[in-house]
Every structure is written in structure tokens, then in C-alpha cells.
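Here the structure is laid out as C-alpha cells; the discussion comes afterwards.
In this chain, numbering begins with 1 at the start of the sequence shown. Keep in mind it's a predicted model, so treat the numbers as computed, not measured.
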Amino acid sequence: METTPSTILRVMNVIFWVLFIGLCIKTGAILVSFAVSLFVNAEGAKDLYQGLDLSELYHFNRSLYIQTVSLFIALTGLKAYIAYLVVKVFLKFKLARPFSQQLVTLFSKVSYYAVGAGIIALIASGHSKFVLKKGIAIPLHWGSEEILFFAGVIYILALIFKKGAELQAENDLTV
């Protein structure tokens with residue numbers, strides 16, 4: 001079986017659907033666990049999501065706990081939304097006419113939301129360092145550098161697609 005670009009695009013589309021659904025489930029699970037830990041049982045902070053134990057932070061300062069988990073929920077929610085936008089890119093992308101204004105808009109949105117996620121991750125990283133100075137370690141890696149790098153790459157792709165869409169529209173007019 002020969003690998004073609006359309007086959008690779010279909011496989012990537014499936015992968016991003018799985019990623020999108022997984023990130024939605026992760027965000028929802030954290031949100032529900034967070035609500036349970038706040039309103040039902042404080043022991044829920046011991047296993048917030050897949051072994052994430054923030055019970056020490058919860059008992060030390062509930063406000064810092066709320067801030068930390070809120071940042072985590074915001075970051076995973078933004079990642080889920082970015083995955084959704086990428087799924088939309090795959091739905092709009094056509095190999096025969098790869099440059100369109102819709103794709104330019106989607107790529108721009110992805111880059112802007114990725115910058116937002118990177119800023120939230122930077123804030124969360126600084127927040128974690130602040131909490132660490134209080135003597136409580138937060139077992140999360142926020143990944144701000146990676147997210148901002150990703151945002152820059154996507155922004156460059158958005159610019160390339162914008163120029164490609166302009167050239168394609170210009171070419172359509174001359175034919």
C-alpha cells in the first residue's frame with residue numbers, strides 16, 4: 001500500500017479528533033473533581049486527575065488551590081479548543097486548493113489561542129514558583145516555552161497561508 005498525502009491527512013484528522021475528545025474529557029474530569037473537592041469532600045484534592053495530588057496545597061491555602069486548579073482548567077480547556085480548531089482545519093483543507101481565506105482565519109485563531117495558552121502557562125508557572133516559595137510543591141509542568149514556540153510556528157504558517165490565499169485569488173482572477 002502506497003502512502004499518499006490524502007491518506008496521511010485522514011490519519012492525522014483521526015488523531016486530532018482523538019486528541020480533541022481526550023482533552024475535553026480531561027478538562028471535564030478536572031472540573032468535576034475540582035468541584036467535588038471544593039463542595040463535597042476535601043479528600044478529592046488527593047486525586048484531582050490521574051494521581052495529581054494537590055491536597056497539601058488545599059489544606060495550606062484554599063485560595064491558592066483554587067487559583068492553581070483554575071489555571072490548570074483554563075490551560076487544558078484552551079488546548080481542547082485549539083485541537084477543535086485544528087479539526088476544523090482538516091475539515092476545510094482541500095489538497096486541490098490548499099489556500100483559502102477560511103484556512104487563513106482558522107490558522108490565525110489557532111495562533112492567537114496558542115499565545116493565550118502560552119501566557120496562561122507562563123502565569124501558572126510563575127504562580128507555581130510563588131507557591132513553592134511558601135513550601136508547597138505543585139507537581140505540574142506547565143510547558144509555557146513549548147506552547148509559545150508552537151504559537152510562533154503556527155503564526156508563521158498563518159502568514160504563509162495568507163500570502164498563498166492572496167496569490168491563489170490573484171491567479172483565479174487572471175485565468
Side-chain angles (χ1 to χ4, degrees), residues 5-6 8-39 44-45 47-52 54 57 63-95 97-131 138-165:
S6 62
I8 293 171
L9 286 173
R10 279 193 297 266
V11 169
M12 288 176 61
N13 188 12
V14 169
I15 290 170
F16 273 98
W17 268 108
V18 170
L19 181 66
F20 167 62
I21 292 167
L23 284 168
C24 286
I25 291 169
K26 179 178 181 177
T27 303
I30 295 167
L31 192 57
V32 169
S33 297
F34 177 55
V36 167
S37 71
L38 285 179
F39 303 116
D47 188 12
L48 198 63
Y49 178 75
Q50 293 187 344
L52 177 61
L54 295 178
L57 179 62
S63 176
L64 289 176
Y65 171 76
I66 291 170
Q67 291 169 13
T68 302
V69 178
S70 295
L71 287 167
F72 191 44
I73 290 169
L75 186 61
T76 57
L78 273 174
K79 287 179 181 180
Y81 187 66
I82 290 168
Y84 169 72
L85 290 174
V86 172
V87 166
K88 285 180 70 171
V89 165
F90 280 108
L91 293 174
K92 302 287 182 193
F93 186 77
K94 305 289 181 237
L95 274 175
R97 296 185 53 80
F99 301 106
S100 70
Q101 193 56 44
Q102 292 173 324
L103 285 176
V104 170
T105 303
L106 286 171
F107 273 118
S108 296
K109 280 185 178 180
V110 170
S111 68
Y112 298 145
Y113 281 103
V115 167
I119 290 169
I120 288 176
L122 278 173
I123 292 168
S125 182
H127 174 75
S128 292
K129 289 175 185 172
F130 171 76
V131 172
I138 297 175
L140 288 170
H141 173 68
W142 299 100
S144 55
E145 298 86 7
E146 294 90 352
I147 296 170
L148 289 172
F149 175 77
F150 165 74
V153 170
I154 296 301
Y155 181 72
I156 290 170
L157 286 174
L159 292 177
I160 291 169
F161 264 77
K162 182 179 180 183
K163 186 64 175 176

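Closest of all the heavy-atom pairs between Leu103 and Pro98 is CD1-O, 3.0 Å.
Atoms CZ and CZ, from Phe39 and Phe34 in turn, are 7.5 Å apart once rounded to the nearest 0.5 Å. How far OG of Ser37 is from CG of Asp47: 11.0 Å, rounded to the nearest 0.5 Å. Note: Asn13 CG to Arg10 CZ = 10.0 Å, rounded to the nearest 0.5 Å. For the atom pair Leu140 CG and Leu52 CG, the distance stands at 5.0 Å (nearest 0.5 Å). Distance check, rounded to the nearest 0.5 Å: NZ of Lys26 to CD of Gln50 gives 7.5 Å. To the nearest 0.5 Å, atoms CD (Gln102) and CG (Leu106) are separated by 7.5 Å.
Applying the side chain to side chain donor-acceptor pair (under 3.5 Å) test to Ser111 and every residue at least two apart in sequence or in another chain returns nothing. In this structure, Tyr49 has no ring-ring contact (aromatic ring centres under 6.0 Å, His included) partners at least two apart in sequence or on a different chain. Applying the side-chain contact (heavy atoms from CB on, under 4.5 Å) rule to Leu9 yields the partners Phe90, Phe93, Leu95; only residues at least two apart in sequence or on another chain are considered. Listed by chain and residue number, nothing satisfies the side-chain contact (heavy atoms from CB on, under 4.5 Å) test with Lys94 (two or more places apart in sequence, or in another chain).
Residues Leu85 and Val89 have side chains not in contact (no heavy-atom distance under 4.5 Å, counting atoms from C-beta outward).
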Please output the side-chain donor-acceptor pairs of residues 67-82 that fall under 3.5 Å, not counting sequence neighbours, one pair per line with the distance.
from, atom 1, to, atom 2, distance (Å)
Gln67, NE2, Ser63, OG, 3.4
Thr68, OG1, Leu64, O, 2.8
Thr68, OG1, His127, NE2, 2.7
Ser70, OG, Ile66, O, 2.7
Thr76, OG1, Thr27, OG1, 3.2
Thr76, OG1, Phe72, O, 3.1
Thr76, OG1, Ile73, O, 3.2

Expected list for residues 142-163: side-chain donor-acceptor pairs under 3.5 angstrom, two or more places apart:
from, atom 1, to, atom 2, distance (Å)
Trp142, NE1, Ala124, O, 3.4
Trp142, NE1, Ser128, OG, 2.7

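More than 12 heavy atoms of other residues, nucleotides or ligands lie within 6.0 Å of CZ in Phe99, so this atom counts as buried by the packing criterion.
Checked against Leu23 for a side chain to side chain contact (heavy atoms under 4.5 Å, CB included), the options Ile25, Ile21, Leu19 give a single hit: Leu19.
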